[in-house]
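Right, one structure below, let's go through it.
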Amino acid sequence: GERVLEIGTGSGYLSALLAGRGARVTSVEIVPRLGAAAKAKLARAGIGNIELAVGSAARGWGRETYDVIVLTGSTPVLPEGLVEQLAPGGRLFAVVGDAPVMKARLVRRTASQSLAVRDLFETVIDPLQDAATPARFEF
């Protein structure tokens with residue numbers, strides 16, 4: 001019954017898994033063709049507790065708060081906009097960093113303004129389109 005924000009619908013596979021856990025899922029895909037294909041697959045599977053949207057959510061989506069936020073691509077830095085959308089007790093999973101050094105990170109909102117951050121493991125995955133980037137040194 002948790003509210004879930006998935007950033008990067010892709011094929012819709014993870015969306016289906018999240019919805020299967022009884023969650024109310026909002027999944028956002030930046031590539032319209034992928035979003036349409038995922039919508040058709042989820043409809044064929046009879047999965048109805050997913051709201052699919054097309055747009056960029058790499059820095060946040062709407063004004064709602066969520067119990068769970070999952071990024072399906074990496075981001076060089078974790079945007080504050082996403083962290084602010086975590087409900088009290090909420091969890092956010094993201095792969096953060098630049099190749100070849102990225103970390104799978106779990107962020108928990110322990111109180112209204114308190115966060116617990118835990119790096120789980122190192123990995124490398126493709127970045128989200130429109131992911132937030134830090135200021136870089138230029139010479």
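Keep in mind that this is a model prediction, so the values were computed, not measured.
Looking at heavy atoms from C-beta onward, V95 lies out of side-chain contact with K103 at the 4.5 angstrom threshold. The closest side-chain heavy-atom distance from R108 to L86 is not below 4.5 Å. Using a 4.5 Å cut-off on side-chain heavy atoms (C-beta onward), S11 and K41 make contact. Looking at T110 and L115, their side chains never come closer than 4.5 Å, going by heavy atoms from C-beta outward. Between I7 and V70, the closest side-chain pair of non-hydrogen atoms is not below 4.5 Å.
Considering OG1 of T26 and CG of L18, their distance stands at 11.0 Å, rounded to 0.5 Å. Here M102 contributes atom CE and T75 contributes atom OG1; the two are 9.5 Å apart, rounded to the nearest 0.5 Å. We find the CG-CD1 distance between L42 and I50 to be 4.5 Å, quoted to the nearest 0.5 Å. Rounding to the nearest 0.5 Å places CG of L71 at 6.0 Å from CG of L92.
Looking at N49, its side chain does come within 3.5 Å of a backbone N or O of A23 through a donor-acceptor pair. With E51 contributing its side chain and S27 its backbone, the two residues share no donor-acceptor pair below 3.5 Å.
Salt-bridge annotation for R59 and E84: absent, with no side-chain N of the basic residue lying under 4.0 Å from a carboxylate O of the acidic one. Checked for salt-bridge contact, R91 and E2 meet the test: a charged N lies under 4.0 Å from a carboxylate O.
Using a 4.5 Å cut-off between side-chain heavy atoms of Ile, Leu, Val, Met, Phe, Trp and Tyr, V31 falls into a hydrophobic cluster with I30, L34.
L78 and W61 fall within a single hydrophobic cluster, where Ile, Leu, Val, Met, Phe, Trp and Tyr are joined by side-chain heavy atoms under 4.5 Å apart, directly or via other members. Cluster membership for L82 and V107, using ILVMFWY side-chain heavy atoms within less than 4.5 angstrom, is shared. V96 and I125 fall into different hydrophobic clusters, where Ile, Leu, Val, Met, Phe, Trp and Tyr residues are linked whenever their side-chain heavy atoms come under 4.5 Å apart, directly or through other members. No continuous path of hydrophobic side-chain contacts links L128 to V25 [ILVMFWY only; heavy atoms under 4.5 Å]. Linking ILVMFWY side-chain heavy atoms closer than 4.5 Å, directly or via other members, places V4 and V28 in two distinct hydrophobic clusters.
Residues E6 and S15 have side chains that bring a donor and an acceptor to within less than 3.5 angstrom of each other. For the residue pair T9 and E29, no side-chain donor N or O sits within less than 3.5 Å of a side-chain acceptor on the partner.
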Carefully, step by step, assess L5 and V68 under the rule side-chain contact (heavy atoms from CB on, under 4.5 Å). CA-CA 6 Å; L5 174 62; V68 176; over 6 Å; no
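The two residues D67 and A87 have their closest heavy-atom pair at OD1-CB, 3.9 Å. Closest approach of P127 to S74, counting heavy atoms only: CA-OG, 3.1 Å. The shortest heavy-atom contact between A58 and A131 is CB-CA, 3.9 Å.
The number of heavy-atom neighbours closer than 6.0 Å to CZ of F93, taken from other residues, nucleotides and ligands shown, is above 12.
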